[in-house]
Amino acid sequence: MKKTLTMLLAIALVMAISTTALALEIPDSKITITAQPVDYRSALSGYAQPVSKAYVANESYAALVSIEIPAYMDTSGLSIEVTPKGCTVEDVSVLALATGDYLLTGMVLMPGATLKVTIKDTARETANTTAELYDALYNDRTVSATATLGVVASQTIPAIPKTGAQEDLVWIGLC
């Protein structure tokens, strides 16, 4: 009887410890990336201060790209793509597949320009076996972030004015 009670107590103690160990926070296993426009002058001096302003044509800009890759994640099969729309980028080689903050600079060519930074998973193109292709399709690691350089002017649609009184509209509908 004492052996059974001791065994049950030992099992209960192991279960209590193991559930506490399983409740530990597991770190996120995804790559995160952010891109935001920052003040050009302060960014060149080493302090990237976020800015929200409307850029005009032929104005220099700076964008801060923050990349966070978990330390245990394999970065083979990943590539970085920078897609400017309405702007130019001076040096893309400053971006690396490593955790850190990177500064991209360039020139705005037209208002409403955007700068899209994508970390693309190229495992689909390089898969040699069915298992590799299945893993590439269901475990895609592609992430992207877009920095909008200025406010895009939205076009307003004029409202159709009402004509005639309400009863006139009802009377026309009955005919």
Side-chain angles (χ1 to χ4, degrees), residues 25-130 132-164 169:
E25 185 176 329
I26 298 172
D28 195 15
S29 63
K30 299 214 182 247
I31 299 171
T32 57
I33 182 171
T34 58
Q36 64 179 347
V38 293
D39 184 48
Y40 183 76
R41 287 186 180 155
S42 63
L44 292 180
S45 65
Y47 177 70
Q49 182 179 1
V51 67
S52 60
K53 67 177 227 171
Y55 287 89
V56 295
N58 297 326
E59 184 177 2
S60 296
Y61 75 89
L64 181 68
V65 178
S66 299
I67 299 174
E68 187 174 331
I69 300 176
Y72 54 86
M73 182 174 276
D74 181 25
T75 57
S76 63
L78 294 176
S79 65
I80 297 179
E81 294 179 358
V82 178
T83 310
K85 182 178 177 185
C87 62
T88 62
V89 181
E90 288 179 6
D91 189 16
V92 181
S93 64
V94 297
L95 290 175
L97 279 172
T99 299
D101 295 328
Y102 304 96
L103 189 66
L104 294 177
T105 57
M107 183 75 66
V108 174
L109 300 177
M110 60 200 249
T114 59
L115 179 68
K116 183 177 181 180
V117 180
T118 304
I119 296 179
K120 185 178 179 184
D121 190 0
T122 58
R124 288 185 202 163
E125 292 85 21
T126 59
N128 292 325
T129 64
T130 308
E132 289 176 354
L133 183 61
Y134 181 83
D135 188 47
L137 289 174
Y138 290 102
N139 296 323
D140 191 17
R141 301 176 290 175
T142 301
V143 292
S144 65
T146 303
T148 303
L149 304 171
V151 181
V152 179
S154 62
Q155 183 180 15
T156 58
I157 300 172
I160 300 173
K162 289 186 177 182
T163 57
L169 294 175

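Just so we're clear, the structure is a prediction, and the values are computed from it rather than from any experiment.
Residues I80 and L95 share a closest heavy-atom pair of CG2-CD1, 3.7 Å. Here the closest heavy-atom approach between residue Y55 and residue L149 is recorded as CD1-C, 3.6 Å. Scanning all heavy atoms of the two residues, the minimum distance from I67 to A96 falls at CD1-O, 3.8 Å. The two residues G86 and A113 have their closest heavy-atom pair at O-CB, 3.3 Å. Taking every heavy atom of both residues into account, D74 and L78 meet most closely at O-CD1, 4.5 Å. What you find for L64 and A48 is that their closest heavy atoms are CD2-CB, 4.1 Å.
The structure places CD of E125 at 5.0 Å from NZ of K120, a figure rounded to the nearest 0.5 Å. If you take NZ on K85 and CG on L115, they are separated by 12.5 Å, rounding to the nearest 0.5 Å. To the nearest 0.5 Å, atoms CD1 (I69) and CZ (R141) are separated by 9.5 Å.
Counting only distance, with no hydrogens or angles, the side chain of T142 and the backbone of D121 share a donor-acceptor pair below 3.5 Å. Looking only at distances, a side-chain donor or acceptor of Y61 sits under 3.5 Å from a matching main-chain atom of T88. Proximity of a side-chain donor or acceptor of T114 to a complementary backbone N or O of T148 within less than 3.5 Å is not detected.
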- Task: Would you check, one step at a time, whether the test side chain to side chain contact (heavy atoms under 4.5 Å, CB included) holds for D140 with R124?
- Result: CA-CA 9 Å; D140 191 17; R124 288 185 202 163; 3.3 Å; yes

- Report the C-alpha separation of V143 and T32 in whole Å, then their side-chain angles, then the decisive distance to 0.1 Å, and conclude whether the side chain to side chain contact (heavy atoms under 4.5 Å, CB included) test is met. CA-CA 7 Å; V143 292; T32 57; over 6 Å; no

- side chain to side chain contact (heavy atoms under 4.5 Å, CB included) between V65 and L104, worked out: CA-CA 7 Å; V65 178; L104 294 177; 3.9 Å; yes

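Residues meeting the side-chain contact (heavy atoms from CB on, under 4.5 Å) test with D135, sequence neighbours left out: N139. For A127, the side-chain contact (heavy atoms from CB on, under 4.5 Å) partners at least two apart in sequence or on another chain are E132, L133.
Looking at R41, M107, E90 one by one, the single match for side-chain contact (heavy atoms from CB on, under 4.5 Å) with S60 turns out to be M107.
Remark: the D101 side chain and the S66 side chain contain an N/O donor-acceptor pair separated by less than 3.5 Å.
Other residues, nucleotides and ligands place no more than 12 heavy atoms under 6.0 Å from the CE atom of M110.
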For residues 33-40, tabulate all N or O donor-acceptor pairs below 3.5 Å that involve a side-chain atom, not counting sequence neighbours.
{"unit_1": "D39", "atom_1": "OD2", "unit_2": "S42", "atom_2": "N", "d": "3.3"}
{"unit_1": "D39", "atom_1": "OD2", "unit_2": "S42", "atom_2": "OG", "d": "3.2"}

